[in-house]
Each structure stands twice: as structure tokens, then as C-alpha cells.
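Worksheet: the structure to be examined is printed underneath.
Atoms within a ligand are numbered from 1 in the order they appear, just like the ligands themselves. The basis for the numbers below is simple: all heavy atoms, side chains too, and nothing from hydrogens, waters or symmetry mates.
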Amino acid sequence: MSSIAVVNAGSSSLKFAVFDAAETPVLRLKGAIDGIGATPRARLSRADGATLLDEALAPENFDHAAATRTMMRIAAPWLDGADISAVGHRVVHGGGVFSAPLRITEADMEALARFIPLAPLHQPHNLAVIRAMLAEHPQLPQVACFDTAFHATQPPIAQAFALPRKYSQAGLRRYGFHGISYQYVAGRLKEVAPDLASRRVIVAHLGNGASLCGMIDGGSVASTMGFTTVDGLMMGTRCGALDPGALLHLMDHYGLGPREVEDLIYRQSGLLGVSGLSADMRALRASAAAQAKEAIALFVYRIRREIGSLAAALGGLDALVFTAGIGENDAATRAEVAAGCAWLGVELDDTANRAAQTKISAPQSSVAVFVIPTNEELEIARSAYRLVRPN
Ligand code: AMP
């Protein structure tokens with residue numbers, strides 16, 4: 001028996017999971033190294049949630065490479081000899097080049113680094129961890145799974161910007177993200193509602209990052225995120241779709257440079273920027289401040305409008321699925337979004353919604369509505385196993 005490690009690197013954290021290597025991988029360990037660059041801390045638990053380790057680490061020179069070494073060190077004693085045979089990585093941007101999971105080599109790293117400006121919150125950290133792994137464990141397969149890959153099936157018209165051709169030919173187009181999550185949810189929908197999975201479906205991935213994906217027959221047809229991860233819905237700290245003229249105004253009138261605009265639209269906007277309080281939906285729901293309510297109202301309004309847009313791209317709607325932190329846990333957001341989609345025939349069963357049952361639509365609703373918890377780690381473990389399994 002061997003195992004597959006799955007790594008999801010953020011700016012100051014490295015989340016990981018270890019699965020038994022199998023066609024249907026089974027979760028064995030879950031862990032996180034938080035506070036990278038500040039006060040690092042390692043946590044490890046068993047699949048059932050029982051804590052195995054929770055320790056502060058020495059902060060000196062503690063970067064993503066050190067976090068990678070820590071992960072390998074703390075997981076090893078709990079593997080019962082089931083050595084790690086591959087590491088699967090979430091990589092946010094694969095551009096037009098990488099449209100399937102890939103065993104990555106040093107030669108691929110330069111191409112992937114070119115996408116750093118297009119996903120600045122994630123891509124540099126994703127790559128830092130892969131680079132450290134390639135250097136320290138050159139024989140260990142490193143498999144990259146791309147958040148863009150699921151959207152490669154979109155028709156060219158859904159991917160196009162109305163820019164002069166030389167730019168689109170150079171790759172300036174809509175890609176779409178959260179694809180690992182959408183792939184997992186599409187698979188689960190097939191199990192939960194096989195009759196609907198082939199029809200017109202919108203999946204709402206509402207987490208700290210948020211996007212919608214329109215699917216037909218389980219494949220992406222259109223999505224709200226585009227060339228970068230800042231487009232589409234309002235998010236925790238990202239503004240979502242913005243009149244491109246507003247960016248010019250910010251530069252001309254406020255004298256902001258490109259990196260300052262980047263910081264504004266990726267890190268200071270969204271729920272955080274509008275509320276002035278927090279990027280976290282739980283904190284906003286708990287707040288009595290008018291600005292918190294306004295931030296939530298705008299978040300919901302943007303989702304409703306974009307659902308309308310995707311329903312138009314799909315030519316109607318048969319099912320709506322909520323997933324990710326807010327989509328899975330915040331019954332109020334689901335109810336508010338659904339109320340705004342009544343014109344599409346969406347009607348929730350309030351009790352089922354409050355209990356976050358799998359199916360939350362009322363029997364008479366002409367659109368079936370579901371809550372399907374996402375599992376990006378499992379999807380990555382599956383993809384990594386398929387690439388490295390013995391034939
Ligand atoms: P994710 O990026 O998928 O981990 O989602 C993070 C978002 O989910 C944050 O805005 C959290 O506030 C939100 N979230 C998590 N749990 C809850 C909950 N019980 N109620 C409301 N929002 C939640």
C-alpha cells in the first residue's frame with residue numbers, strides 16, 4: 001500500500017491531506033501549516049478529526065519550502081509504512097497550455113510562472129511548493145491539477161474577449177477557475193441526481209473565492225471568472241467584475257500603479273472593502289452594522305444577476321447547486337439567492353435548506369436545488385493516482 005499527498009498552498013498556509021493510493025482514494029490524514037513567514041504552527045489530524053499533532057515551529061527562515069519539509073516529516077510516522085508515492089498539487093492557472101492533470105518537471109515551471117500575475121493570490125505559492133518538492137524529492141512524482149482545466153470544454157464564444165485578434169491569439173481570453181471543485185461536484189451530482197446531471201446546471205462555488213459555472217452534460221459551458229481570478233462575482237476580498245474604465249480612472253485620477261491596483265482589486269475589495277469590517281461571511285452575518293448588511297446584499301445581488309446571465313448562456317436552467325464555505329454553510333445566502341431566482345422557477349423548501357439537506361428545493365420547484373459539499377483534495381488525489389498508478 002502506498003499513499004498520495006495532496007497540497008494546497010496559500011500565501012501563509014499550506015493545507016495538505018494524505019490518502020491511501022487507490023482508484024477511490026481514502027482519506028488517512030489531514031493537516032495544515034499556518035503562519036508561514038510569521039509564527040508558523042503545524043497541525044495534523046486523523047481522517048476522523050482526532051488531533052495527532054499541534055505544535056509551534058521555529059519562525060527563522062520558515063518559508064514554503066520549510067513548510068513542505070515539515071509536512072513530510074510530521075506525516076511520515078502516521079503512514080504505517082505506506083510511503084508517499086506521489087504528491088498532487090492544486091495549481092490555479094494552467095493557461096491554454098495545461099488542460100489536464102500533469103506530472104510536472106522543472107521544464108514546466110517557467111511556463112507556469114508566466115501565469116503568476118493572473119492569479120497572484122495563489123499561483124506563486126502553488127509553484128513555490130512544487131519547486132521545493134522537485135528539489136528535495138526529485139524521484140517523487142509531482143502532479144499538478146489545474147483550476148482552469150475543467151473549463152477547456154467551453155465553446156470559443158464563451159472564452160472570447162471583444163479585443164483585437166492579436167491579443168486573443170496571444171492567449172488573452174476567459175479561462176475560468178475553481179475547476180477542481182466543479183469537476184468534483186459534477187461527479188457527485190451524477191450520483192445524487194443522475195437524470196439531471198446531463199442537463200442545464202449552474203454550480204455556485206461560494207467560498208472566500210467565488211464563481212459560478214454553467215454546465216451541460218457535466219462539462220463547463222460558461223463561467224463567471226475569466227482571464228484572471230478577479231472577474232465575475234464579488235468575493236471575500238476581490239471586487240469581481242468591474243468596468244474596465246474604472247481601472248483607468250483609478251490609475252489616471254488616483255495615480256495608482258499596476259501593483260497598487262492589483263492590491264486594491266484582489267485584497268482590499270469584495271466583502272471586506274464594502275463592509276469595511278471583514279471578508280468573512282460569518283462575521284458579517286453576526287454584525288448589526290448597516291455596512292455589513294450592504295456588503296451581503298451586494299454579494300447576493302451579484303450572484304442573482306450572474307445566475308441570470310449563465311441561464312441565458314445555457315438556454316434555461318434545470319438544476320442549481322451550492323458548494324464551498326458559504327454555499328454549504330450559509331442557509332441565509334442560499335435563501336436570498338433563491339428568492340431572487342423565483343422568476344426562473346426556483347423555490348426552496350425552507351426546512352430542507354436550513355438543515356442543509358442534499359436536495360433543498362420544494363417539490364413544485366421547476367429548478368432542482370442542491371447543496372453538495374465540495375472535496376477538491378479528493379479530486380486531486382484521484383487525478384494524481386490515475387497518473388502514477390501501476391498499469
Ligand atoms: P472557503 O473559501 O470555501 O473555505 O469558504 C470561506 C467562507 O465560507 C468564509 O466567508 C466563511 O465565513 C464562510 N463560512 C464558513 N462557514 C460558514 C457558516 N457556518 N456560515 C456562514 N459562512 C460560513
Side-chain angles (χ1 to χ4, degrees), residues 6-17 30-34 43 45 49 90 92 119-123 125-126 147 150 177-185 188 203-213 223-225 229-230 232-240 266-289 291-300 302-303 321-338 348 350 352-357 360 370-380:
V6 171
V7 178
N8 184 358
S11 59
S12 64
S13 71
L14 187 154
K15 295 199 185 93
F16 65 94
K30 258 192 142 160
I33 322 277
D34 297 309
R43 292 184 180 84
S45 59
R90 176 190 184 205
V92 166
L121 298 185
H122 302 97
Q123 191 90 346
H125 317 297
N126 302 156
D147 269 317
F150 182 72
F177 299 87
H178 292 134
I180 299 164
S181 173
Y182 290 132
Q183 176 100 48
Y184 176 81
V185 171
R188 281 287 297 137
V203 179
H205 177 108
L206 308 178
N208 202 24
S211 71
L212 307 177
C213 179
S223 79
T224 57
M225 275 184 172
T229 56
V230 77
L233 302 180
M234 171 179 173
M235 308 178 215
T237 62
R238 285 168 261 176
C239 58
Y266 279 92
R267 298 183 187 87
Q268 297 181 35
S269 300
L271 293 172
L272 175 67
V274 177
S275 71
L277 292 168
S278 174
D280 193 301
M281 182 57 88
R282 276 166 298 196
L284 297 182
R285 287 280 177 204
S287 167
Q291 291 190 344
K293 295 192 187 336
E294 282 166 21
I296 295 173
L298 184 54
F299 180 73
V300 169
R302 294 285 307 125
I303 296 167
V321 183
F322 289 96
T323 193
I326 299 170
E328 292 166 26
N329 297 300
D330 193 16
T333 292
R334 292 193 300 263
E336 288 156 18
V337 168
L348 291 194
D350 285 340
N353 181 42
R354 272 197 298 273
Q357 289 175 5
I360 59 170
F370 298 89
V371 179
I372 298 184
T374 194
N375 194 338
E376 290 159 294
E377 293 88 359
L378 178 58
E379 192 61 40
I380 293 171

Next on the checklist: One pair to check against side chain to side chain contact (heavy atoms under 4.5 Å, CB included): I326 and F299. What are the steps and the verdict?
Outcome noted: CA-CA 11 Å; I326 299 170; F299 180 73; 3.9 Å; yes
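With respect to atom 2 (O) of ligand 1, the closest heavy atom belonging to the protein is N208 N, 2.8 Å. For atom 19 (N) of ligand 1, the nearest non-hydrogen atom of the protein is N329 CB, 3.3 Å. Given atom 11 (C) of ligand 1, the protein heavy atom at minimum distance is D280 OD1, 3.6 Å. Of the protein's non-hydrogen atoms, the one nearest atom 10 (O) of ligand 1 is M281 N, 3.1 Å. Of all protein heavy atoms, the one closest to atom 7 (C) of ligand 1 is I326 CG1, 3.8 Å.
Close contacts of ligand 1 with D330, meaning ligand atoms under 4.0 Å from a residue heavy atom, involve 21 (C). Taking every non-hydrogen atom of G207 and a distance limit under 4.0 Å, the qualifying atoms of ligand 1 come out as 1 (P), 2 (O), 3 (O), 5 (O).
Side-chain N or O atoms of S287 include none that pairs as donor or acceptor with a backbone N or O of A283 at under 3.5 Å. With T224 contributing its side chain and L212 its backbone, the two residues share a donor-acceptor pair below 3.5 Å. The closest donor-acceptor contact from the side chain of N375 to the backbone of Y184 lies at 3.5 Å or more, if one exists at all. For R238 (side chain) and T229 (main-chain N/O), a donor-acceptor pair under 3.5 Å exists by modelled atom type. Panel note: side chain R334, backbone N353; a donor-acceptor pair is recorded below 3.5 Å.
In this structure, atom 4 (O) of ligand 1 is not in close contact with the protein, since no protein heavy atom lies within 4.0 Å of it.
Looking at ligand 1, you'll find an N or O of G325 within less than 3.5 Å of one of its N or O atoms. Inclusion of A324 in the set of residues having an N or O under 3.5 Å from an N or O of ligand 1 is not warranted.
The CZ atom of R285 sits 4.0 Å away from the CD1 atom of I296 when rounded to the nearest 0.5 Å.
The aromatic rings of Y182 and H205 sit perpendicular, their planes meeting at an angle over 60°, well past the 30° parallel limit.
In this structure, R285 falls outside the shell of residues with a heavy atom less than 4.0 angstrom from ligand 1.
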